Visitor: 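My questions all concern the structure below.
Please read all numbers here as calculations on a predicted model, not as lab measurements.
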Amino acid sequence: MKSILIILTVLAFSSFLISCRSKTEAATVIPDVNVVQAGEKTIPMYAEYVGQTYGQSDVDIKPRVEGWIQSINFKEGSPVEKGQLLYVIQDDELRDREQAAEADLAQASVLVVKAKSDLDRVKPLAEMNALSKRDLDAAQASYDAQQQAVVAAGAALNNAQTQLSYSKVTAPLSGIIGVSKVQVGDYVRKSVGEQSTINTISAIGAMRVRFSITENDYIRFSQKMDKDKVKNLEVQFILNDGSVFPETGKLDFANREIDPATGSLLVQATVENKTKLLRPGQYVKVRFKSDEIPNAVLVPQQAINQMQSIFMAFVVNDSNKINPRPVKTGIRTGSNWVITDGIKPGERVALIGNAIIKPNMEIKPVVKPYSYDSTSAN
């Protein structure tokens, strides 16, 4: 019995020693932690605005005579050539006016011939004093009046023919025609304003992109950019699906005044649109370089922990001990933060993720190659 108690005591003591040794070994385990070096590079800053596209020239089609639409001679949304017939407006009344003007001109021409004949008979008789000077003057006046009547009748005919030509609406330029606002059988009137527009043609060679910037941005850009820099500034266009339009444009002009209602300035950029991908009426993001941060300190976003308004980085010192350090952040660029205060270039920062790390804890740093040019791990 005594020997059994001794054996149990030895076993319990051995178990205690093993347990203590395990805890000691667990306490001295040094965790592996991914670290990267803070980078340094000049960071371009970009301004981004929402813009809308316009054709190189957008021309409204408006009727110049009144009448019923007889025919539509194009396919909506298709290319049209300058001079191509688009609409035919009922021309019965206009044709009647033309025929009446032709008759008036013919009548005036006959009367001028008669007046010339009368003048030719009166002249020799007046020279022989067979007729008075008064008769000669009357014949001359009648002839002169009939000549002017021919001129007036000719002008009236020309006007009637012009009005008749307006019944055939042709394309004033080559481009893409839009959706017709009238159909066959609709009555159209010549009037002022958008209500009289029956269609629009857009030349989609070079495109115009208009966007508005705030007054503060205008002042800031004016102070930092000279005219030559603005003129040569490359402008990117980001499409609605997030893709970047393959062609870059140039800033074209700014409006003469700040809109007092919105406090913004209208700016226009142009792009050649060789691919014909841009169409009038699209919304795009306009992006261009507005400034740069020289020698900016960069760290990956995953190396920064945010607790309310406090940003914290875990910096690894030369003894491989990790300590939290409050930092000031600037802008985000790609997958990185710009650090304005708290970290120097080349310092090691930990990517701790969800690991439980205590201040002044020793770690085994695992250097993770990282490219600040591509903003992604190699």
Side-chain angles (χ1 to χ4, degrees), residues 43-61 74-80 171 173-181 194 197-218 220-221 225 229-255 258-259 261-293 300-302 330-338 373-376:
I43 300 297
M45 296 180 66
Y46 292 90
E48 195 172 278
Y49 303 93
V50 176
Q52 187 173 9
T53 58
Y54 296 84
Q56 185 177 17
S57 54
D58 300 320
V59 178
D60 291 336
I61 307 300
F74 62 89
K75 183 178 179 181
E76 294 172 318
S78 65
V80 294
L173 78 165
S174 299
I176 301 293
I177 194 166
V179 176
S180 179
K181 296 181 180 179
E194 294 185 0
T197 300
I198 59 177
N199 213 319
T200 301
I201 297 178
S202 296
I204 58 170
M207 294 291 293
R208 298 172 293 154
V209 182
R210 291 182 174 179
F211 57 98
S212 295
I213 66 174
T214 65
E215 184 177 356
N216 288 340
D217 283 349
Y218 163 70
R220 179 163 57 89
F221 296 154
M225 298 183 188
K229 187 174 182 179
V230 171
K231 184 179 180 181
N232 297 318
L233 197 63
E234 288 192 348
V235 181
Q236 289 183 323
F237 305 99
I238 302 172
L239 304 179
N240 195 45
D241 63 354
S243 63
V244 178
F245 186 63
E247 303 172 41
T248 58
K250 299 288 186 183
L251 292 179
D252 187 23
F253 76 89
N255 197 10
I258 302 289
D259 187 340
T262 62
S264 61
L265 178 69
L266 180 66
V267 180
Q268 177 172 293
T270 57
V271 60
E272 289 189 28
N273 193 30
K274 296 177 182 178
T275 61
K276 309 297 182 187
L277 182 60
L278 293 180
R279 290 250 183 159
Q282 285 180 260
Y283 284 95
V284 297
K285 288 183 179 178
V286 181
R287 188 171 182 261
F288 56 87
K289 181 180 175 182
S290 60
D291 202 354
E292 64 181 20
I293 305 174
Q301 289 184 22
Q302 64 199 90
I331 65 169
R332 291 185 183 183
T333 172
S335 57
N336 305 311
W337 274 112
V338 172
D373 292 327
S374 62
T375 69
S376 61

Visitor: Determine, stepwise, if the pair Ile176 / Arg279 fulfils side-chain contact (heavy atoms from CB on, under 4.5 Å).
Guide: CA-CA 9 Å; Ile176 301 293; Arg279 290 250 183 159; 3.7 Å; yes
Visitor: Between the main-chain N or O of Asp60 and the side-chain N or O of Thr197, is there a donor-acceptor pair closer than 3.5 Å?
Guide: no
Visitor: Determine the minimum heavy-atom distance between Arg332 and Trp337, stating which atoms define it.
Guide: NE-CZ2, 3.0 Å
Visitor: So, taking the atom named NZ in Lys289 and the one named CE in Met45, what distance separates them when rounded to the nearest 0.5 Å?
Guide: 11.0 Å
Visitor: Give, for atom CD1 of Ile331 and atom CD1 of Ile43, the distance between the pair rounded to the nearest 0.5 Å.
Guide: 7.0 Å
Visitor: Considering non-hydrogen atoms only, spot the tightest contact between Thr275 and Pro246 and give its length.
Guide: CG2-CG, 4.3 Å
Visitor: Can a donor-acceptor pair be found, under 3.5 Å and without considering hydrogens, that links the side chain of Thr214 to the backbone of Asp217?
Guide: yes
Visitor: Taking everything shown except Lys276 itself, do over 12 heavy atoms lie less than 6.0 Å from its NZ?
Guide: yes
Visitor: State, yes or no, whether a side-chain contact exists between Met207 and Gln56 at a heavy-atom distance under 4.5 Å.
Guide: no
Visitor: Show the nearest heavy-atom pair for residues Phe74 and Ser180, with the distance to one decimal.
Guide: CZ-CB, 4.2 Å
Visitor: Does some side-chain heavy atom of Phe237 sit less than 4.5 Å from a side-chain heavy atom of Val244?
Guide: no
Visitor: To the nearest 0.5 Å, what is the distance between CZ on Arg208 and CG on Asp252?
Guide: 9.0 Å
Visitor: Could you measure the distance from the OH atom of Tyr283 to the CD atom of Gln52? Nearest 0.5 Å is fine.
Guide: 4.0 Å
Visitor: CD1/Ile201 to CG/Leu173 distance, rounded to the nearest 0.5 angstrom?
Guide: 5.5 Å
Visitor: Can any side-chain N or O of Glu234 pair as donor or acceptor with the backbone N or O of Lys250 at less than 3.5 Å?
Guide: no
Visitor: Checking Asp58 against Ser202: is there a side-chain donor and acceptor pair closer than 3.5 Å?
Guide: yes
Visitor: Using a cut-off of 6.0 Å, state whether more than 12 heavy atoms not belonging to Asn240 lie near its atom CG.
Guide: no
Visitor: Could you point out which residue of Val271, Val235, Val284 forms a side chain to side chain contact (heavy atoms under 4.5 Å, CB included) with Phe245?
Guide: Val271
Visitor: Roughly how far, to the nearest 0.5 Å, is the CD1 atom of Ile213 from the CD1 atom of Ile258?
Guide: 7.0 Å
Visitor: Step by step, would you call Asp291 with Arg220 a salt bridge (charged side-chain N to carboxylate O under 4.0 Å, His left out)?
Guide: CA-CA 10 Å; Asp291 202 354; Arg220 179 163 57 89; 5.4 Å; no
Visitor: Give the minimum heavy-atom separation between Ala254 and Leu265, together with the two atoms involved.
Guide: CB-CD2, 4.0 Å
Visitor: Fit a plane to each ring of Tyr49 and Phe221, take the angle between them on a 0 to 90° scale, and name the class: parallel (under 30°), tilted (30 to 60°) or perpendicular (over 60°).
Guide: perpendicular
Visitor: What are the two closest heavy atoms between Ser212 and Leu266, and how far apart are they?
Guide: OG-CD1, 4.1 Å
Visitor: Counting only N and O atoms by type, is there a donor-acceptor contact under 3.5 Å from the side chain of Gln282 to the main-chain atoms of Thr53?
Guide: no
Visitor: Just by distance, no angles: are the side chains of Asp259 and Ser264 close enough, under 3.5 Å, to form a donor-acceptor pair?
Guide: no
Visitor: I want to check something: taking the side chain as every heavy atom from C-beta on, are Val59 and Thr200 in contact at a cut-off of under 4.5 Å?
Guide: no
Visitor: Side chains of Leu239 and Leu278: closer than 4.5 Å at any heavy-atom pair?
Guide: yes
Visitor: Against the six-membered ring of Tyr54, is Arg210 placed for a cation-pi contact (under 6.0 Å from the centre, within 45° of the normal)?
Guide: yes
Visitor: State, without any angle test, whether Asp241 and Ser243 hold a side-chain donor-acceptor pair at a distance under 3.5 Å.
Guide: yes
